[in-house]
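Here the structure is laid out as structure tokens; the discussion comes afterwards.
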Protein chains: 2
Amino acid sequence: MHRDGSFASIIMMQKNRPRVTLMDGGGIMARERKFSTEELFQYTKQLLLEHGYEGFTFSLLAERLEISRGAIYKYFENKEELITDFMLFEMKYFLAELKEIAELNDFDRQFEFLFELIFRNREIHQLIEIGRQIPSSLNEKVRNNTQNLEKMHLEMYSYMQNFVTLGKGENKLKPHIPDVVVLGIIFQTIAIPNHFGIPQDLWVQSIKEIISHGMFTNK
Amino acid sequence: MHRDGSFASIIMMQKNRPRVTLMDGGGIMARERKFSTEELFQYTKQLLLEHGYEGFTFSLLAERLEISRGAIYKYFENKEELITDFMLFEMKYFLAELKEIAELNDFDRQFEFLFELIFRNREIHQLIEIGRQIPSSLNEKVRNNTQNLEKMHLEMYSYMQNFVTLGKGENKLKPHIPDVVVLGIIFQTIAIPNHFGIPQDLWVQSIKEIISHGMFTNK
DNA sequence: GCCAAAAGTGACACGAGTGTCACTTTTAGT
DNA sequence: ACTAAAAGTGACACTCGTGTCACTTTTGGC
């Protein structure tokens, strides 16, 4: 645990800086963490999806992590800060993967790639909607976080915009349909809850086909 | 107000029955209501969509209605009861409209009808998802309400099932796509938030076209 | 063994939502 | 005018989440 110099811990350390240089060189190590940041964010995600923004509490999170509530305050001043940090964490990973779409140079491959990526990160869309519920904060850190989120959100759209532009350039996508509708559909359909437990394969293929060629037969 | 013998007030009166027969014949009328049930449900809808299930409170609702919180308890024992009553109210209206689909006897007309109906009731889908968050209650009335909701939900699906069966029978819908995927897509795509403010007409037509024939060109 | 530093704990004061209830207000019928 | 009934109010006791803080625990380095 003490050697995770990952993205997440960098975010976390912004407030409670250790008074020794940082936990790499040969500083005093102090006691071991009872929970990793990855663990914390994982439960945060679960709880956000289960209870929504307003239903998320530090008490619930502490319970899942089997620590005291007070411990969380060592790393995050409040709910807004924790959740925006978490959103940045998720978004960063998503964007890092999305970036690779630029390597593929024809539309068909990009479509396959994008579809698979969004499908593998189904919750992202729901989380983004939850993110819209965060009230504008007075807290410096939180304002900074939401600004960065905004930026990453735009960056995300710009990659997807390129995808659509390519599709229209190759005459693969219908030119009269607005770009944001194309993107909206891809995002939204993937989030359809499979309440009836259709097998994954069939489910994915069906959705992909409808998006591509519709649910109507071509007579 | 005192002469609304509507659906809503019938639900409401289950608990606090007036001691005179009921408010039709010539009973004593007592003082006038400061808010109608329709008004109450309208704000309930707003608040549920804004804050989600856990964010919804009697305090917020009372504030919007410009009454005291206590007044609401005259009609509903608690949040669960109010929200399930509200859900029944919404569902009832939706189902009443949906029923009429059976009058149309070809698939194309049913498709137009269904699409228009769901589009006009865009929030229904979101509300149904919020409804899933209601914890199973000990309260008699609430258990009864959720059971009825379940029934209406199934009834809703059965009407739509008929629609899909008809479509497949007429060879209009692709036979290999599972029925629930067809329904899921129709429901979900209509709920796409139009964040970029595309004109309504263009928005609806684009979505309808993608659902029907896909976003790909037929080359 | 002692120290410094970070991790973690539990108690406290506070604010907000809940559910209840005795009370007041308004109303129509007599 | 008087009354019964329903509508509405506001105070009370309670629970739960919040944020803080002095305190204890664990750790590696000296």
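Small disclaimer: the values here were computed from a predicted structure and weren't measured. Note on naming: letters A, B, ... go to the chains in the order of the sequence lines (proteins, then strands), and numbering restarts at 1 for each one.
For the pair Arg69(A) and Tyr73(A), the cation-pi test (distance below 6.0 Å, angle within 45°) is failed.
Here dA7(C) presents its P atom at 9 Å from CZ of Phe35(A), a figure rounded to the nearest Å. At whole-Å resolution of the value, CD1 in Ile67(B) and P in dT26(C) are 16 Å apart. The distance from atom CD of Glu80(A) to atom P of dG19(D) is 8 Å, rounded to the nearest whole Å. In this structure, Arg31(A) atom CZ and dG29(D) atom P are separated by 18 Å, rounded to whole Å. Between the CZ atom of Phe56(A) and the C1' atom of dC16(D) there is a distance of 16 Å, given to the nearest Å. The CD-C1' distance, from Glu63(B) to dG17(C), rounds to 13 Å in whole Å. Atom OH in Tyr75(A) sits roughly 8 Å away from atom C1' in dG8(C) (whole-Å rounding). Counting to the nearest Å, the C1' atom of dG15(C) and the CZ atom of Phe58(A) are 17 Å from each other.
A donor atom on one side chain and an acceptor atom on the other are not found under 3.5 Å apart for Glu129(A) and Tyr53(A).
Minimum atom distance to the side chain of Lys74(B) is reached by dG8(D), of the listed dG19(C), dT18(D), dG8(D). Residue Arg69(B) places its side chain closer to dG19(C) than to any other of dA7(D), dG8(C), dG19(C). The side chain of Arg33(A) sits closest to dG8(C) out of dG8(D), dG8(C), dT18(C). Picking from dG19(C), dT25(C), dT9(C) the nucleotide with the shortest atom distance to the side chain of Asn78(B) gives dG19(C).
Taking for each of Gly70(A) and Thr57(A) the nucleotide of DNA chain D with the nearest heavy atom, the 5'-most of the two is the partner of Thr57(A).
Lys34(B) has a side-chain polar atom (N or O) that falls below the 4.0 Å cut-off from OP1 or OP2 of dT9(D). When the side-chain nitrogen and oxygen atoms of Tyr73(A) are compared with OP1 and OP2 of dG8(C), none of them lie within a distance under 4.0 Å.
Taking 4.5 Å as the limit, every side-chain heavy atom of Met215(A) sits out of range of all side-chain heavy atoms of Ser212(B). Proximity of Tyr159(B) to Glu100(B): side-chain heavy atoms (C-beta onward) are nowhere separated by under 4.5 Å.
Remark: Ile130(B) CD1 to Met87(B) CE distance equals 6.0 Å, nearest 0.5 Å.
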